[in-house]
Amino acid sequence: MKYQRIKGTIDILPSETGKWIYLEEIIRNVMARFNYKEIRVPIFEPIELFARDASESTYVVNKEMYTFTDMGGRSVALRPEGTPSVVRAFIEESLGNKAPLTKVFYIGPMFRHEKPQKGRQRQFHQFGAEALGSADPRIDAEIIAISVQVLKDCGIDQFEVALNSVATPSVRAKHREKLLEFVRPLASQFPEVDREKIDRNPLRLFDSKLELTRQLLQGAPLLEQFYDDEVRRDFDIVKETLTRLGIPYASDPRLVRGLDYYTRTAFEIRSSLLGAQDSLSGGGRYDLLVEELGGDPTPAVGFAAGMERTLIVMEAVGKSDYSEKPLDIFIIAESAAERTQALLLTKQLRDSGKTVDLDYLGRSQKAQMKEASRQNARFVLFAFADDIPGGRFQCKNLSTGEQQKLPIDEITSLIA
RNA sequence: GUGGGUGUAGCUCAGUUGGUUAGAGCGUCAGGUUGUGGCCCUGAAGGUCGUGGGUUCGAGACCCAUCAUCCACCCCA
């Protein structure tokens, strides 16, 4: 084979686009109900938008981004996530001055150079929502509610909402200090794979899958022990609002975020129906990002969800009852005169809004009938030469087998 | 970056301890006479056995390398 897909990409074939469209319709419907408007931003941006400083996380970001230099010598990256682009647009287009609160959503492809595995590709698709301009913890709950609602509307209820507050940078700094004091003396006891995390990002230790690491962390200082009153109050309001909204959640002190601009609410929705990559969506508050990207300080909260993973779970729970519009009519014709007539009938029916197809392969009548069946056509219309002068054609209902001879306009209304 | 599994027809897979012309089901195509699908029957097309080396009288089977893919680790904005 001469050409093949780049590793980590997939072809979404015609036989599969139906479920994608179904999912997208659900997403748009939910977003409309919550009054979020769609925003469409570029899929490539200046590299600095995604990798701004020399922090450890930025190193990871850099390593896994698809980048290139364009003909103007600019360093460009295929977006690894949606939020920075939305915030960039928010600032660049002064959306904050046009309305006090901006509620937007997006759907589209993202790119990360990672090793593929279940639920992880190099080009993948996310949908997400961002609310910029409100510091009210109740809107954090709304963001979570949206993510949950999409899953519910997809027929998915096998998921868990994990919730945490990552507080503020100053709170995290205090905690980090105490955590290191606790962990450093134990450093040599940690499993090799976790040992390096101690200096790089000690919070990630809590994430470890290794039992030994978990045991060593017994009694380690937790972030919540350092919450100030405001952080605690906001977190309580989020939890209380979720409860009022009937959204079950589980507090998860181990839920962490790598970047500094994240504040307060952090959440993740996971499903056991996925593999090792079990996160369906994640999000939270990022009150410091707008300012970091050069805008006026603006509180903001949002989430992003993986569409491939959502589809994996939908299929696992057997929710694949999305129905594509069936073919209304397949027109059958053999001789040249019949095929010419069929073309005219096709045009008339299509003009009246019907979904119509016919044979272009010179196949036999039998083959055309089979094709009509395969296409799940509702009706078959015979363009028999004998019927052309009379303008009335045999029309057969393929599910009942009933057949009658009708003029074209009656066929149109019959099928309506 | 690390580890394991898998690469045989368009798809899902069989292929005995290495032994002649590589199989099945599904799908595709053509028929089953007199202008009508689904089911059924008959037939056909379709494979450099991922690729390149090696061992052997002989390799789809064994060895090495390489590529692809899946899953996990790492990472996860």
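The minimum heavy-atom distance linking A276(A) with Q117(A) is given by the pair CB-NE2, 3.8 Å. For D287(A) against A300(A), the heavy-atom pair with the smallest separation is OD1-N, 3.1 Å.
Regarding R200(A), its CZ atom lies at a distance of 11 Å from the P atom of C74(B), rounded to whole Å. Summarising the geometry, the separation between CG on L381(A) and C1' on G37(B) is reported as 15 Å, rounded to the nearest angstrom. A straight line from CD1 of I331(A) to C1' of G37(B) spans 16 Å, rounded to a whole angstrom. One can place CZ of R5(A) at 18 Å from P of G50(B), the figure rounded to the nearest angstrom. When the C1' atom of C74(B) is taken as reference, atom CZ of R120(A) falls 9 Å away, rounded to whole Å. For I332(A) and U36(B), the CD1 to P distance is 10 Å, given to the nearest whole Å. Rounded to whole Å, the distance from CG on L255(A) to P on C76(B) is 13 Å. As a whole-Å value, the separation of Q365(A) CD from U33(B) C1' is 14 Å.
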Please set out all donor-acceptor pairs under 3.5 angstrom arising from side-chain atoms of residues 85-96 of chain A, sequence neighbours excluded.
residue, atom, partner, partner atom, Å
S85(A), OG, E45(A), OE2, 2.9
R88(A), NE, E92(A), OE1, 2.9
R88(A), NH1, E45(A), OE1, 3.0
R88(A), NH1, E45(A), OE2, 2.5

Counting only pairs under 3.5 Å, give me each side-chain donor-acceptor contact of residues 131-142 of chain A, with atom names and distances, residues two or more places apart or in other chains.
residue, atom, partner, partner atom, Å
S134(A), OG, D136(A), N, 3.0
D136(A), OD1, R138(A), N, 2.8
D136(A), OD1, R138(A), NH1, 2.9
D136(A), OD2, R138(A), NH1, 3.4
D140(A), OD1, R285(A), NE, 3.1
D140(A), OD1, R285(A), NH2, 2.6
D140(A), OD2, T265(A), OG1, 2.6
D140(A), OD2, R285(A), NE, 3.0
E142(A), OE2, Y36(A), OH, 2.7
E142(A), OE2, K103(A), NZ, 2.8

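Sorted by residue number, the members of residues 274-289 of chain A with any non-hydrogen atom under 4.0 Å from RNA chain B read G275(A), A276(A), Q277(A).
Between K396(A) and D194(A), the residue anchored closer to the 5' end of RNA chain B is K396(A), taking for each the nucleotide with the nearest heavy atom. Each of Q394(A) and G119(A) lies near RNA chain B, and the nucleotide nearest Q394(A) is the one positioned closer to the 5' end.
Here, C76(B) and U8(B) have their P atoms 36 Å apart, quoted to the whole Å. Taking the C1' atoms as reference points, U21(B) lies 15 Å from G60(B), given to the whole Å. A distance of about 14 Å separates the C1' atoms of G47(B) and G7(B), rounded to the whole Å. Taking atom C1' in both U20(B) and G15(B), the straight-line distance is 16 Å, to the nearest Å. Taking atom P in both G32(B) and A14(B), one finds a spacing of 38 Å when rounded to whole Å. Taking atom P in both C11(B) and G53(B), one finds a spacing of 25 Å when rounded to whole Å. U42(B) and U56(B) have their P atoms separated by 47 Å, with the value rounded to a whole Å. Nucleotides U16(B) and C41(B), compared at atom C1', are 33 Å apart to the nearest Å.
Listed candidates were G37(B), C70(B), C75(B). Nearest to the side chain of P116(A) is C70(B). Here the nucleotide nearest the side chain of R112(A), chosen from A68(B), G37(B), C76(B), is C76(B).
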Using atom names, set out every protein N or O paired with an N or O of nucleotides 29-32 of chain B below 3.5 Å, distance rounded to 0.1 Å.
residue, atom, partner, partner atom, Å
G32(B), N7, K366(A), NZ, 3.0
G32(B), O6, K366(A), NZ, 3.2

Check nucleotides 2-12 of chain B against the protein and report each pair of N or O atoms closer than 3.5 Å, with its distance, or say if there are none.
residue, atom, partner, partner atom, Å
U2(B), O4, K115(A), NZ, 2.8

D387(A)/R392(A) under salt bridge (Lys or Arg N to Asp or Glu O under 4.0 Å): CA gap, chis, key distance, verdict: CA-CA 6 Å; D387(A) 294 333; R392(A) 294 160 66 87; over 6 Å; no
T241(A)/V238(A) under side chain to side chain contact (heavy atoms under 4.5 Å, CB included): CA gap, chis, key distance, verdict: CA-CA 5 Å; T241(A) 308; V238(A) 173; 5.8 Å; no
Please determine whether salt bridge (Lys or Arg N to Asp or Glu O under 4.0 Å) holds for the pair R232(A) and E230(A), giving the CA-CA distance in whole Å, both sets of side-chain angles, and the decisive distance to 0.1 Å. CA-CA 5 Å; R232(A) 192 175 304 281; E230(A) 203 183 331; over 6 Å; no
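Looking at heavy-atom distances under 4.0 Å, Q403(A) makes contact with a base. Heavy atoms of E114(A) sit under 4.0 angstrom from at least one base atom. Here D207(A) lies out of heavy-atom contact (under 4.0 Å) with every strand. In this structure, Y262(A) reaches the sugar-phosphate backbone alone: every heavy-atom distance under 4.0 Å involves primed, P, OP1 or OP2 atoms, never a base.
At least one side-chain nitrogen or oxygen of Q117(A) sits closer than 4.0 Å to the OP1 or OP2 atom of C73(B). A close approach under 4.0 Å does occur between a side-chain nitrogen or oxygen of K209(A) and OP1 or OP2 of C73(B).
One finds no salt bridge joining E114(A) and R122(A) here, because no Lys/Arg side-chain nitrogen approaches an Asp/Glu carboxylate oxygen to under 4.0 Å. Taking the charged nitrogens against the carboxylate oxygens, E38(A) and R40(A) do have a contact shorter than 4.0 Å, which makes a salt bridge.
Note: L217(A) CG to L179(A) CG = 7.5 Å, rounded to the nearest 0.5 Å. Within the model, atoms CG of D260(A) and CG of L288(A) stand 8.0 Å from one another, a figure rounded to the nearest 0.5 Å. Note that CE of M110(A) is 5.0 Å distant from CD of Q126(A), once rounded to the nearest 0.5 Å.
Taking the six-membered ring where the residue is Trp, Y66(A) and H113(A) present tilted rings, their angle falling between 30° and 60°. Ring-plane geometry between W20(A) and H125(A) is classed as perpendicular, the angle between the planes exceeding 60 degrees on a 0 to 90 degree scale with a lower cut at 30.
A donor and an acceptor atom sit less than 3.5 Å apart, one in the side chain of S373(A) and one in the base of G37(B).
For the pair R195(A) and F190(A), the cation-pi test (distance below 6.0 Å, angle within 45°) is failed.
Heavy atoms from other residues, nucleotides or ligands lying under 6.0 Å from CG of D296(A) number 12 at most.
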Secondary structure string for RNA chain B (Watson-Crick or G-U under 3.5 angstrom, | for other-strand pairs): (((((((..((((.....[...)))).(((((.......))))).....(((((..]....))))))))))))....
